[in-house]
Amino acid sequence: MQRYNPKDIEPKWQAAWAASGIYKAEDFSSKPKYVMLTEFPYPSGDGLHMGHTREYTYGDILARYKRMHGYNVLFPMGYDAFGLPTENYAIKQHITPQAATDANVANFQKQLESFGLSIDWSRSFRTTDPEYYKWTQWLFLQFFKHGLAYQKESAISWCPFCKTGLSNEEVVNGRHERCDTLVEKKVLPQWMLRITDYADRLIDGLKDLDFPSRIADQQINWIGRSEGAEVKFYDVDDDDETNPITVYTTRADTIYGATFLVLAPEHPLVEQLTRSDHAGAVATYVKAAAAKSDIERQDTDREKTGVFTGAYATNPLTAEYMPVWVADYVLAGYGTGAIMAVPAHDERDWAFAKKYDLKITRVIDSDTPEDSVSTGPGKLINSGNFDGMPNVEAKTAIINFLAEDGLATLKTQYRLRDWIFSRQRYWGEPIPIIHCPEHGAVAVPEDQLPVVLPAVDNYEPSDDAKSPLSRVPEWVNTTCPTCGKPAQRETDTMPNWAGSSWYYLRYFDAHNDTVFADRKKLDYWGEVDLYMGGMEHTTLHLLYSRFWHEFFYDQGLVPTPEPYKARRGQGIILAADGTKMSKSKGNVVNPSEIIDSGYGADAMRLSIAFLAPYDQTTPWNPEGVAGTHRFLQRLWQLVQGFIEANEKREGEPLDDSIVQADILRTTHHAIKRVTTDLDTLGFNTAISAQMEALNQLYKLRDQDEFLSVNAWQAGLEAMVQLVAPFAPHFAEELWQQLGHEVSVHTSAWPQYDEANVATDEVTLAVQINGKLRSEITVAAEADEATTVAAAQADIKIAPLLEGKTIRKTIYVAGKIVNFVVG
RNA sequence: GGGCGAGUGGCGGAAUUGGUAUACGCGCGCGACUCAAAAUCGCGUUCUUCGGAUUGAGGGUUCAAGUCCCUCCUCGCCCACCA
């Protein structure tokens, strides 16, 4: 008897698949297409981790499953190789980023191949290939030409460790999300992408997409659309009303209760408004605020501080004087950087007014105690003609009233900021712009793309906020494409999110040299049918790439308004102790070690998919792979036993009708469950269904010792097909042994027949007053009267019913009989 | 503070969506095989005072609740002085 040894069969079938090219996706195939996308990896020096392994295992299971359903499946893979970690790693190792990338990609590739993934490698690329980033640059220029890429001097987040500017999305709790360094503020001329122009589209587009609500909600929250109004207030000394202080508010209903104004320390009017006797205090405060780090300023528990400017503004509705304050709880970057404070109905304003003894006027009726803040809805009071109006209605009524005098306008605000697109680092796509003294920023002509990243000796970042490319004069100095006079290249590079913002489109036509992708191929492949990836990319890559795609659609470059029809986020695999896997804790599990330990890729894939539901974060169980290995071994032994029994019994086909029906029922039941589970990403339950079926088949084997030859052949074939997406090498080997010459992975997914799944007898629970008292087995076709009679007559039930009145009988076919007795 | 989600054996988890709670697997225990160990196979494994009790706690709806409703507790993720 042959033993199951993954070390023999896995490399063998990997080589065979590579040679036959069975996983190649065919452009313009007449079969229905299915694009199964998993996020391409960043090839770090550490190799693939369990998160990658989980994602690609799931992706491969579905790719194979869809292929067996007759789809022309595209399951591609590439490398997102530009970016800071590689560059930092290369600096440490004293090698070039190119060399580091080559080594890391080779390592990743070897690991991915050992997993037995059904990837179409002919479409692979790296974002660092000049043939690829030529098109990243070309696409950037489309933004530039349409005014969506612009240069602006602005205060941005600067990572002093990585020595580069960062986007808002890359700063988490005041730290750079990659290296955890506290960020600083730096004023730099930066390239920006106008993602805010697409804020509404990015929200509204979600309606038609199959995204889990937690992903959609997170994006909506991040964009942070709020409907409100800008309201003008005037300094009491500004008699001509030429110089308004404009505030943004979503609570126009509370303007009668606005008792003071607050400006952010960075607000441009601070200096002008400040009266001379307050100038010293205000200047000191503004300076102190500037010195604080983001993390300090964002601490919501901090006591509010502020300083009076000496100025007063008039409340346009009450005509009362409102002192104008400066305080750092008001953010310069949101709205207008100035607010009207309504201490009675806003917790922050309340705290501030209490501390500095400012006037508090309640304008919404409320049950809450007099000396407290009330933020809930209610009817207006102390509000002139608006008294008695529900505050929700008052919002528009008051805006309309003020608008008559030009004092208020409706305004939609977003939390989303434009995307800071410049990085002062070497290892990224050069931004294809030439600065001409006469013509300003000029696009590099298309026929001169790509702007190739020059090879340099020293690519370390510098503290002066200048990209290392600025130290390469022979590259920087060029001529203006417009006038031919001396000009200089832009030396900033793109962020590593650039290449990943459109990579899925390149898989449709990976090696095209004349366009980023052929339009006919884009039309054929269309959208990504299912995109799996990490939850951590929801407000980064996933939002960025939707923005790019929506812009491309507007330019007529792609056929669909959205890139991804459906998105799912898999859960994280934690270390066995429930903490995050991390190098510093030394609890990182290496997938290659699991494979090499003798369990093989198939058992590892099964154990990952069996671990927990798809989207659930869960600790890794190092013993689990032994369990799935045992499962494979038991299935292997069963098939070997059948093959041997068959050989011995050549020429005498025996069929035992009872067991035959049981084999059929067991396998068809399994087909049904695995099919419905895989349709809903129920990978873990799909596996347990196969385990249950196998346990059942062992019992049947004990009954008939493989006498029912035809039933066993069909049943075992189905079992091998069911396990094929999960354990592809294993299934391929057994499929061949069962007499097939064509791959199991191109075979048609087995179908089940309800007639075979059904049993002739059913077991029902019998309850008295809802408590389980017995079980009865009746014929499947038994009607209610027969079943209830059988239940009443049951040996355990009859004595319990004696002398009692049955007030009601509940009958659920095939499930329960419940007697309600008095 | 806001948004989303989750609490079921020693552990990961299952439950046809209101109908026999604890499937499947891990771990553990006992046994078989073995000089022995590993591997493999078989049996057992929520608790129990053997009446019954049990899905974070308490209440409600129902013939029937892990599932629906209310109150509360705990944990996780994301956002957070966003006016």
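Note that these values count all heavy atoms, side chains included, but never hydrogens, waters or copies made by symmetry. A note on names: the letters A, B, ... follow the listed sequences, proteins ahead of strands, and every chain is numbered from 1.
If A/Ala332 and A/Thr618 are placed on RNA chain B by their nearest nucleotide, the residue sitting closer to the 5' end is A/Thr618. Comparing A/Ser226 and A/Asn684 by the nucleotide of RNA chain B whose heavy atom lies nearest to each, the residue mapping closer to the 5' end is A/Asn684.
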Between protein and nucleotides 76-78 of chain B, what N or O pairs are separated by less than 3.5 Å?
residue, atom, partner, partner atom, Å
B/C78, O2', A/Gln218, NE2, 3.4

For nucleotides 47-49 of chain B, give me every protein contact, N/O to N/O, under 3.5 Å, one pair per line with atom names.
none

Within the sub-3.5 Å range, which N or O atoms of nucleotides 18-26 of chain B have a protein N or O partner, and how far apart are they?
residue, atom, partner, partner atom, Å
B/U20, O2, A/Glu775, OE2, 2.6
B/U20, N3, A/Glu775, OE2, 3.3
B/U20, O4, A/Thr763, O, 3.2
B/A23, O2', A/Glu692, OE1, 3.3
B/A23, O2', A/Glu692, OE2, 3.1
B/G25, OP1, A/Asn695, ND2, 3.4
B/C26, OP1, A/Arg630, NE, 2.9
B/C26, OP1, A/Arg630, NH2, 2.8
B/C26, O2', A/Asn621, ND2, 3.2

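Every residue meeting the side chain to side chain contact (heavy atoms under 4.5 Å, CB included) condition with A/Ile572, not counting sequence neighbours, appears here in chain and number order: A/Leu574, A/Thr617. Every residue two or more places apart in sequence or in another chain that forms a side-chain hydrogen bond (donor to acceptor under 3.5 Å, both in side chains) with A/Ser374 is listed here: A/His345. Under the rule for a ring pair (Phe, Tyr, Trp, His ring centres under 6.0 Å), the partners of A/Phe642 that lie at least two apart in sequence or sit in another chain are A/Phe706. Applying the salt bridge (Lys or Arg N to Asp or Glu O under 4.0 Å) rule to A/Arg178 yields no partners; only residues at least two apart in sequence or on another chain are considered.
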Side-chain donor-acceptor distances from residues 622-634 of chain A under 3.5 Å, at least two apart:
residue, atom, partner, partner atom, Å
A/Thr628, OG1, A/Ala603, O, 2.9
A/Thr628, OG1, A/Val625, O, 3.2
A/Arg634, NH2, A/Asn695, OD1, 2.7

Mind listing the side-chain donor-acceptor pairs of residues 325-332 of chain A below 3.5 Å, one per line with the distance, residues two or more places apart or on another chain?
residue, atom, partner, partner atom, Å
A/Asp328, OD1, A/Tyr285, OH, 3.4
A/Asp328, OD1, A/Arg302, NH2, 3.3
A/Asp328, OD2, A/Lys292, NZ, 3.2
A/Asp328, OD2, A/Arg302, NH1, 3.4
A/Tyr329, OH, A/Asp349, OD1, 2.9

Please output the side-chain donor-acceptor pairs of residues 411-419 of chain A that fall under 3.5 Å, not counting sequence neighbours, one pair per line with the distance.
residue, atom, partner, partner atom, Å
A/Thr412, OG1, A/Glu227, OE1, 3.0
A/Tyr414, OH, A/Asp200, OD1, 2.7
A/Tyr414, OH, A/Asp200, OD2, 2.7
A/Arg415, NH1, A/Asn221, O, 3.0
A/Arg417, NE, A/Arg415, O, 3.0
A/Asp418, OD1, A/Ile195, N, 3.2
A/Asp418, OD1, A/Thr196, N, 3.1
A/Asp418, OD1, A/Thr196, OG1, 2.6
A/Asp418, OD2, A/Tyr150, OH, 2.6

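Ring geometry, A/Tyr356 versus A/Phe352: the interplanar angle falls from 30° to 60°, so the pair is classed tilted.
A salt bridge does not link A/Lys7 with A/Asp596: none of the charged nitrogens is closer than 4.0 Å to a carboxylate oxygen. Ion pairing of A/Glu692 with A/Arg673 is present here, as a side-chain N (NZ or NE/NH1/NH2) and a carboxylate O approach within less than 4.0 Å.
Between A/Gln616 and the phosphate of B/A6, there is no side-chain N or O to OP1/OP2 separation shorter than 4.0 Å.
A donor-acceptor pair shorter than 3.5 Å cannot be found between the side chains of A/Tyr614 and A/Thr680. Side-chain N/O atoms of A/Ser167 and A/Glu170 include a donor and acceptor closer than 3.5 Å. In summary, the side chains of A/Glu39 and A/His541 do not present any donor paired with an acceptor at a separation below 3.5 Å, with no hydrogens or angles considered.
Note: NE2 (A/His629) to C1' (B/G27) measures 18 Å, nearest angstrom.
With A/Thr579 contributing its side chain and A/Ala575 its backbone, the two residues share no donor-acceptor pair below 3.5 Å.
Contacts of residues 323-331 of chain A with RNA chain B (heavy atom under 4.0 Å): A/Tyr329, A/Val330, A/Leu331.
Consecutive Watson-Crick or G-U pairs involving RNA chain B, each under 3.5 Å on both distances, make up stems of three or more pairs at B:1-7 with B:73-79, B:10-12 with B:24-26, B:27-32 with B:40-45, B:56-60 with B:68-72.
When distances are taken from the side chain of A/Asp346 to each of B/C79, B/A14, B/A83, the shortest belongs to B/A83.
B/C24 and B/G42 have their P atoms separated by 13 Å, with the value rounded to a whole Å.
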